[in-house]
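Taking it in order: structure first as structure tokens, then the write-up.
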Amino acid sequence: MNLNFRDIAAKLSPKGWLTVGAAAIVGVLFIYLLMSLASAPSYATLVAGETPAQTEKITSALSTGGIAYQLSNNGTAVMVNPSDVGKARDLLDVQGLLAGTAGSLSSYMGSTSLGESQFQQQEQTTSAIEQQLDQTIEGMNGINIAQVQLAIPNQANNLFTGTNTQPTASVLLNTSSTLSPTAVKAIAGLVAGDVSGLSQNRITITDQNGDVLWPSSSNSNLSTSLTAKQSAQNAYDQQLADQVDATLAATLGPGMAIANVNADLNANQENLASVTYSKKVTPASTAVTQESLKGGGAGPGGTAGNSATNLAGIAGAAGGGNSNYSNRTSTTINDVSHTISRTVVAPGAINRQSISVLINSKKVPASELPIIRQTVENAVGFNAKRGDTISIGSLPFAKIASPAAASSSTTSMMSDAKYGLVGVGALVFLFMMSRMLRRRETEPFAGQPTWLRELEQPRSLAEIEAQTQMLDLDGPQVITRLRPPVNVAREQVEDLVDRDPERVALQLRQWMTED
């Protein structure tokens with residue numbers, strides 16, 4: 001059946017036009033959605049849970065290598081095209097930016113053959129242990145590259161030489177920050193735990209500057225104290241700077257601000273003791289002592305004589321008379337309640353800290369600097385009375401090269417399948433629309449139409465056919481009854497009969513069968 005769109009358009013009512021328009025809009029939106037999903041590039045997670053500073057290094061390396069990337073999770077995760085995952089991991093691994101998780105020892109073992117000697121097998125096992133330790137240590141924070149060299153003697157040779165040679169290990173680290181003594185000790189314990197018979201005091205750990213990190217010097221307490229204080233300050237500075245970077249990256253966007261923190265921590269441990277006395281006095285004990293003495297006077301002196309005798313008589317006369325002695329003493333011991341407090345102040349108190357934040361003036365307007373300053377002060381716990389200082393600067397940042405777009409040659413089969421699905425979906429949509437329109441054309445009238453109810457006199461099918469045959473004769477023209485001058489409904493019916501007589505006849509037959 002050939003579709004005549006002009007006739008279909010002429011027969012549509014306003015409601016039908018609205019239906020067709022709405023269907024067309026839905027179809028266009030559906031096709032646009034499919035095209036958007038098909039053309040949108042898919043990304044796979046390359047790294048996650050990284051600091052903003054580490055993410056910036058990774059994205060810079062990917063841009064240099066021409067690999068397209070996308071940031072997610074507030075700048076802490078990097079996503080690349082699934083076809084570029086292997087290339088990106090190799091690029092980051094070469095530059096020491098990929099911190100992975102070490103696999104099992106068997107994954108580092110090469111292929112073996114039946115003709116291998118015991119020495120070759122031992123060297124292969126040692127190399128596998130070294131690779132596993134390298135990747136495990138590189139997964140720690142602050143370590144870019146780790147190289148472990150093991151010297152494991154053959155125990156069979158000790159049986160014949162009578163000596164007991166112990167294994168040794170040396171570790172070379174390339175670090176991005178100063179490692180704490182605890183982290184260095186953990187690395188030494190990790191290496192000693194993976195090698196049988198290896199003691200921690202036979203392990204040497206060195207950084208990229210040639211400084212020996214392990215074994216640590218136990219003779220210089222001052223050096224150990226300074227190293228511990230410096231390590232604590234570096235760890236605090238890095239952690240606080242990362243927090244500020246993450247906060248600014250979530251609000252301003254990745255790469256819009258850089259924060260640096262320089263803190264002075266108190267690494268001394270103090271023991272404080274204090275005594276507090278109560279104002280209330282309570283008597284604990286009272287002692288009373290009382291003394292009394294009573295006595296009579298002596299008789300008169302002798303007769304007058306020489307001078308010596310007269311003096312003695314005068315003295316005896318003066319000593320006469322009665323005596324009465326009394327003494328009372330009271331002693332009270334008061335008990336004053338008091339409290340003794342002993343406090344151990346742990347090291348790590350902040351003496352003062354300096355914070356500096358640099359903002360990209362190309363992307364961040366100067367009007368937002370006061371808000372950024374207040375946000376940073378609240379984030380770091382700024383205290384002006386303690387001597388803290390903060391500076392907010394605005395400078396244009398260097399432009400980072402945009403990642404190269406993926407070439408058309410790297411388009412996978414899945415992308416082609418998406419375009420094929422879009423085409424199939426469009427064809428199915430057009431087929432369903434045309435089928436629905438054809439069904440609407442062939443289906444019978446629902447109910448009695450308005451134009452049939454407005455007929456003045458119903459006519460049978462035989463009268464209509466007779467009138468048609470008479471008009472087709474070559475004889476004299478049959479003059480029919482004049483139509484009323486004003487009858488719009490009849491004119492519409494007659495026009496419909498002239499344009500589509502089959503449809504009118506079909507409706508009339510249906511009514512006749514119903515009667």
Side-chain angles (χ1 to χ4, degrees), residues 47-58 76 92-93 95-103 129-150 167-195 198-246 260-269 346-350 353:
V47 293
E50 299 289 343
T51 61
Q54 186 71 6
T55 304
E56 185 177 357
K57 296 179 182 179
I58 293 174
T76 59
L92 297 181
D93 192 13
Q95 299 187 12
L97 298 175
L98 185 63
T101 304
I129 296 175
E130 292 174 351
Q131 296 178 24
Q132 186 184 32
L133 289 173
D134 290 345
Q135 193 167 1
T136 303
I137 297 174
E138 289 174 358
M140 300 177 64
N141 293 331
I143 298 178
N144 298 328
I145 302 176
Q147 296 181 358
V148 180
Q149 299 293 331
L150 300 177
T168 59
S170 62
V171 182
L172 178 61
L173 302 178
N174 186 344
T175 61
S176 58
S177 60
T178 304
L179 297 179
S180 62
T182 305
V184 176
K185 185 177 180 180
I187 295 174
L190 177 65
V191 176
D194 282 2
V195 180
L198 179 59
S199 176
Q200 292 189 11
N201 55 8
R202 302 185 68 86
I203 299 175
T204 303
I205 301 177
T206 312
D207 62 1
Q208 70 272 15
N209 299 324
D211 298 332
V212 179
L213 306 179
W214 186 269
S216 60
S217 177
S218 58
N219 298 327
S220 177
N221 295 329
L222 179 60
S223 176
T224 303
S225 177
L226 293 177
T227 304
K229 179 178 180 179
Q230 184 179 5
S231 300
Q233 291 182 165
N234 292 336
Y236 176 81
D237 295 344
Q238 185 66 32
Q239 181 182 2
L240 199 60
D242 291 342
Q243 292 178 358
V244 176
D245 287 338
N260 291 312
V261 179
N262 185 11
D264 181 17
L265 302 181
N266 185 6
N268 299 326
Q269 180 175 339
I350 302 174
Q353 58 182 355

Contact between [X] and [Y] at the side-chain level, heavy atoms closer than 4.5 Å - yes or no?
| X | Y | value |
| --- | --- | --- |
| Trp214 | Ile187 | no |
| Leu179 | Asp207 | no |
| Asn174 | Ile143 | no |

Starting at [atom1] of [X], measure out to [atom2] of [Y] and round the result to the nearest 0.5 Å.
| X | Y | atom1 | atom2 | value |
| --- | --- | --- | --- | --- |
| Asn144 | Ser177 | CG | OG | 8.5 Å |
| Gln131 | Thr136 | CD | OG1 | 11.5 Å |
| Ile203 | Lys185 | CD1 | NZ | 12.5 Å |
| Leu240 | Ile350 | CG | CD1 | 7.5 Å |
| Leu190 | Met140 | CG | CE | 8.0 Å |

* **Partner of Val171 by side-chain contact (heavy atoms from CB on, under 4.5 Å), out of Leu133, Thr204, Ile205** =>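 Among the candidates, only Ile205 passes.
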
Partners meeting side-chain hydrogen bond (donor to acceptor under 3.5 Å, both in side chains) with [X] (sequence neighbours left out):
| X | result |
| --- | --- |
| Thr175 | Gln208 |
| Asp242 | Gln238 |
| Asn234 | Thr178 |
| Ser199 | Asn201 |

* Atom CG of Asn141: over 12 foreign heavy atoms under 6.0 Å ->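 Counting neighbours around CG of Asn141, 12 or fewer heavy atoms of other residues, nucleotides or ligands fall under 6.0 Å, so no.
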
* To do: Please step through side chain to side chain contact (heavy atoms under 4.5 Å, CB included) for the pair Leu150 and Val191, ending with a clear verdict.
  => CA-CA 9 Å; Leu150 300 177; Val191 176; 4.3 Å; yes

* To do: Go through Leu173 and Val184 one step at a time and tell me if the side chain to side chain contact (heavy atoms under 4.5 Å, CB included) criterion holds.
  => CA-CA 10 Å; Leu173 302 178; Val184 176; 6.0 Å; no

* Structure fact -> Ala241 meets the side-chain contact (heavy atoms from CB on, under 4.5 Å) criterion, sequence neighbours left out, with Val261

* **Pairing residues for Thr168 by the side-chain contact (heavy atoms from CB on, under 4.5 Å) criterion, not counting sequence neighbours** => Ala151, Arg202

* **By salt bridge (Lys or Arg N to Asp or Glu O under 4.0 Å) - contacts of Asp134 (at least two apart)** =>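 So Asp134 forms no salt bridge (Lys or Arg N to Asp or Glu O under 4.0 Å) with any residue.
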
* **Short side-chain to backbone donor-acceptor contact, Gln149 and Ser170, under 3.5 Å** =>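 No: the side chain of Gln149 does not pair with the backbone of Ser170.
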
If you look at every heavy atom in [X] and [Y], which pair is closest and at what distance?
| X | Y | value |
| --- | --- | --- |
| Ser176 | Lys57 | CB-NZ, 4.5 Å |
| Gln200 | Ala192 | CG-CB, 3.9 Å |
| Asp264 | Gln233 | OD1-OE1, 3.4 Å |

